[in-house]
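Everything on this sheet refers to the single structure shown next.
Throughout, protein chains are lettered first and strands after them, A, B, ... in sequence-line order, and every chain is numbered starting at 1.
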Amino acid sequence: MEFESLKGFRDFYPGEMAARRRVWDTVHSVARSYGFQEVNAPSLESLELYEVKSGEEIVEETYSFEDKGGRDVTMTPELTPSLARMFVSRQQALAKPVKWYSIPKLWRYEQPQSGRLREFVQPNFDVYGVESAAADAEVVAFAHALLTELGLTDEFELRISHRGVVEGYVERYGLDEDDAADVYRAIDKSERLSDDELRGQLRANGLQPEEVDEIMELCSSGGAFTPEVLESAVDVDSERATEAVERLMETSKELERYDVLDSCRFDPSIVRGMDYYTGVVFECFDVEGSLRAIFGGGRYDSLVEEFGGQATPAVGFGMGDATLQQLLERSDEWPEESATLDYYVAVVGDVRDTAVNVARGLRREGFVVELDVTGRGFGDQLEHADRVGADNTVIVGERDLEQGEVTVKDMETGDQRQVPVEEFL
RNA sequence: GCCGGGGUGGGGUAAUGGUCAUCCUUUGGCCUUGUGGAGGCCAAGACCCGGGUUCGAUUCUCGGUCCCGGCCCCA
């Protein structure tokens with residue numbers, strides 16, 4: 001009976017794991033350099049956790065089931081609710097601002113396609129307890145640093161907006177909740193729709209022709225993320241939208257300090273699907289425009305309170321591994337897929353006592369060492385050493401040991417030298 | 001949930017309604033029991049699963065499944 005992995009789930013073999021390890025190492029180190037602390041959350045949560053604030057569609061796409069105790073549970077489809085839950089339960093003890101990150105596996109029950117699987121890794125970064133535009137900018141600047149450290153330069157673009165812009169417009173139209181949600185969705189998709197399709201959608205959701213015109217104009221008002229562009233973006237009488245734009249202008253000034261403004265665009269069509277976002281929202285795309293979003297996030301200032309905590313502002317984002325890998329591979333920045341070995345210890349003759357000690361000595365020094373345990377012939381051992389990519393082979397053999405020596409062979413050049421065995425013990 | 005294209009040894013491929021299948025690579029062994037990554041020889045290893053048509057199916061057909069991609073949706 002032979003088995004295969006489940007649909008949308010991946011097996012990772014050593015070569016690929018070595019590459020992924022390098023990528024995650026970079027993510028860890030950049031996160032730490034920005035003062036984020038690593039946390040971890042369960043992989044299984046109560047389904048209710050997502051029913052409160054994530055949105056209906058999200059819950060439909062969860063990998064969920066009833067457990068043996070009759071509880072409705074789900075493999076975690078996103079991390080933000082778990083982190084918010086964790087934050088609430090320790091809220092009193094935590095020094096604010098709290099900066100947490102995690103690199104969890106997440107699951108969603110969907111049809112796999114390019115850049116989307118049922119099990120994926122999604123690093124998450126969140127800041128709790130600061131309401132300022134400076135915090136928004138720090139998070140966006142961090143995201144920029146992350147991609148830069150991974151080797152990307154101008155292959156990506158950060159699109160930033162504020163929920164309040166679109167909401168300020170739409171609340172004036174007096175739509176019911178469902179129609180409003182559909183309007184947001186249509187705006188979110190505007191890039192992929194033709195003007196006529198977008199107009200049709202908006203009309204279908206109850207907007208008047210002049211209202212449709214307003215939205216169409218708003219959607220085309222994007223541009224550089226500069227105060228000048230932002231200032232002229234909103235030209236309707238909406239306090240909400242005006243405040244949102246003022247907030248974005250502040251964010252723009254902050255981002256300029258990080259010198260990342262060139263990678264940022266104002267894009268009012270960025271809405272985000274999650275119901276919990278309340279302020280600035282952003283997504284990162286490849287400049288070519290052929291991939292899904294590299295990452296996405298924003299401000300969610302009411303989720304902590306909804307989860308029973310004291311009102312606490314928060315901002316963060318998540319970055320899926322599949323699309324990130326696609327972009328890094330396309331940019332030739334995905335790491336080499338190879339494992340490394342510093343020393344292979346060959347055993348020739350009846351010398352296992354010494355060979356084991358040589359291996360132990362090298363390992364104590366911190367080297368990556370493989371010791372022959374097969375007992376196969378010398379030629380085969382060398383071939384294997386070559387095959388697994390050993391930099392050096394230490395040949396522990398009876399003949400050399402009579403002189404108290406071992407032979408160290410540089411596998412790249414083939415050069416050999418005799419070394420007193422004591423040096424390795 | 002819907003739609004399109006695919007599935008041949010571990011990886012990559014070829015051909016085919018009929019001596020159960022090609023080549024490269026891989027793996028094991030030998031030439032060579034202390035010098036490899038070269039070469040030669042030998043060996044191992046596959047038609048996604050199930051039903052149907054047929055004397056006979058890897059090939060045709062239907063269903064399933066998985067992969068790739070698209071729609072819906074998108075954390």
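With R272(A) as the partner, the salt bridge (charged side-chain N to carboxylate O under 4.0 Å, His left out) test is satisfied by one option alone out of E167(A), E283(A), E78(A): E283(A).
Pairing for rU35(B) is absent, judged as Watson-Crick or G-U wobble with the two contacts each under 3.5 Å. Base pairing annotation: rA43(B) forms a Watson-Crick or G-U wobble pair with rU27(B), both donor-acceptor distances under 3.5 Å. The base-pairing partner of rU59(B), taking Watson-Crick or G-U wobble contacts with both distances under 3.5 Å, does not exist among the strands shown. Within the shown strands, nothing qualifies as a pairing partner of rU53(B) under the Watson-Crick or G-U definition with both distances less than 3.5 Å. Nucleotide rC74(B) forms no Watson-Crick or G-U wobble pair with any nucleotide shown, as no partner meets the under 3.5 Å limit on both distances.
Residues L193(A) and Y109(A) both approach RNA chain B. Their nearest nucleotides, taken by heavy-atom distance, put Y109(A) toward the 5′ side. The residue among R118(A) and T76(A) whose nearest nucleotide of RNA chain B is located toward the 5' end is R118(A).
The CD atom of E78(A) sits 18 Å away from the P atom of rC73(B) (whole-angstrom rounding). Rounded to an integer number of Å, the gap from D321(A) CG to rA75(B) P is 16 Å. Atom CZ in F285(A) sits roughly 11 Å away from atom C1' in rC74(B) (whole-Å rounding). Between R185(A) atom CZ and rC73(B) atom P the separation is 6 Å, expressed in whole Å. In this structure, D126(A) atom CG and rA75(B) atom C1' are separated by 12 Å, rounded to whole Å. Atom CD1 in I187(A) sits roughly 13 Å away from atom P in rC74(B) (whole-Å rounding). A straight line from CZ of F282(A) to C1' of rA75(B) spans 13 Å, rounded to a whole angstrom. Taking atom CG of residue D380(A) and atom P of nucleotide rU33(B), one finds them 11 Å apart after rounding to whole Å.
Between rU19(B) and rU58(B), the two C1' atoms lie 16 Å apart (nearest whole Å). When the C1' atom is used for both rA14(B) and rU59(B), the distance is 14 Å, rounded to whole Å. With P as the reference atom, rC30(B) and rA21(B) are 28 Å apart, rounded to whole Å. Across the P atoms, rG5(B) and rU61(B) are found 12 Å apart, a figure rounded to whole Å. Taking atom C1' in both rA57(B) and rG18(B), the straight-line distance is 10 Å, to the nearest Å. The same atom, C1', is picked in rA46(B) and in rU16(B); the two are 15 Å apart, to the nearest Å. Nucleotides rG37(B) and rU26(B) have their P atoms positioned 12 Å apart, rounded to a whole Å. Across rU54(B) and rC62(B), the matching C1' atoms stand 16 Å from one another, rounded to whole Å.
The cationic atom of R118(A) (NZ for Lys, CZ for Arg) does not lie both less than 6.0 Å from the six-membered ring centre of F9(A) and within 45° of the ring axis. A cation-pi arrangement is not found for R32(A) relative to Y101(A), the charged atom failing to lie both closer than 6.0 Å to the ring centre and inside a 45° cone about the ring normal.
Residues satisfying the salt bridge (Lys or Arg N to Asp or Glu O under 4.0 Å) test with R20(A), not counting sequence neighbours, are D321(A). With sequence neighbours excluded, no residue forms a salt bridge (Lys or Arg N to Asp or Glu O under 4.0 Å) with D372(A). Every residue meeting the ring pair (Phe, Tyr, Trp, His ring centres under 6.0 Å) condition with Y109(A), not counting sequence neighbours, appears here in chain and number order: Y63(A). Applying the ring pair (Phe, Tyr, Trp, His ring centres under 6.0 Å) rule to F367(A) yields the partners Y343(A); only residues at least two apart in sequence or on another chain are considered. For R352(A), there are no salt bridge (Lys or Arg N to Asp or Glu O under 4.0 Å) partners two or more places apart in sequence or in a different chain. Among residues two or more places apart in sequence or in another chain, the salt bridge (Lys or Arg N to Asp or Glu O under 4.0 Å) test is passed with D182(A) by R185(A). Taking Y34(A) as the reference, F142(A) meet the ring pair (Phe, Tyr, Trp, His ring centres under 6.0 Å) condition, with sequence neighbours excluded. Under the ring pair (Phe, Tyr, Trp, His ring centres under 6.0 Å) criterion, F87(A) pairs with Y128(A), sequence neighbours left out.
Pairs engaging residues 369-415 of chain A under the ring-ring contact (aromatic ring centres under 6.0 Å, His included) rule: Y344(A)-H384(A) [sequence neighbours left out].
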Atom pairs under 3.5 Å: protein N/O with N/O of nucleotides 41-46 of chain B:
none

Listed pairs, N/O of protein and of nucleotides 34-37 of chain B, under 3.5 Å:
from	atom 1	to	atom 2	distance (Å)
rG34(B)	O6	G397(A)	O	3.4
rG34(B)	O6	E398(A)	N	3.1
rG34(B)	O6	R399(A)	N	2.4
rG34(B)	O6	D400(A)	N	3.2
rG34(B)	N1	D400(A)	OD2	3.4
rG34(B)	N2	D400(A)	OD2	3.1
rU35(B)	O2	K409(A)	NZ	3.0
rU35(B)	O2	Q416(A)	OE1	2.5
rU35(B)	N3	Q416(A)	OE1	2.5
rU35(B)	N3	Q416(A)	NE2	3.2
rU35(B)	O4	Q416(A)	NE2	3.4
rG36(B)	N1	M411(A)	O	3.2
rG36(B)	N2	D386(A)	OD1	2.6
rG37(B)	O4'	D386(A)	OD2	3.2
rG37(B)	N1	M411(A)	O	3.3
rG37(B)	N2	M411(A)	O	3.0
rG37(B)	N3	D386(A)	OD1	3.3

Distances for protein N or O near nucleotides 67-71 of chain B N or O, under 3.5 Å:
from	atom 1	to	atom 2	distance (Å)
rC67(B)	OP1	G8(A)	N	2.8
rG69(B)	OP2	S114(A)	N	3.4
rG70(B)	OP2	S114(A)	N	3.3
rC71(B)	N4	Q113(A)	NE2	3.1

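Between K189(A) and rC73(B) there is a side-chain N or O to OP1 or OP2 distance below 4.0 Å.
Of the N and O atoms on the side chains of S132(A) and E254(A), not one donor lies less than 3.5 Å from an acceptor on the other residue.
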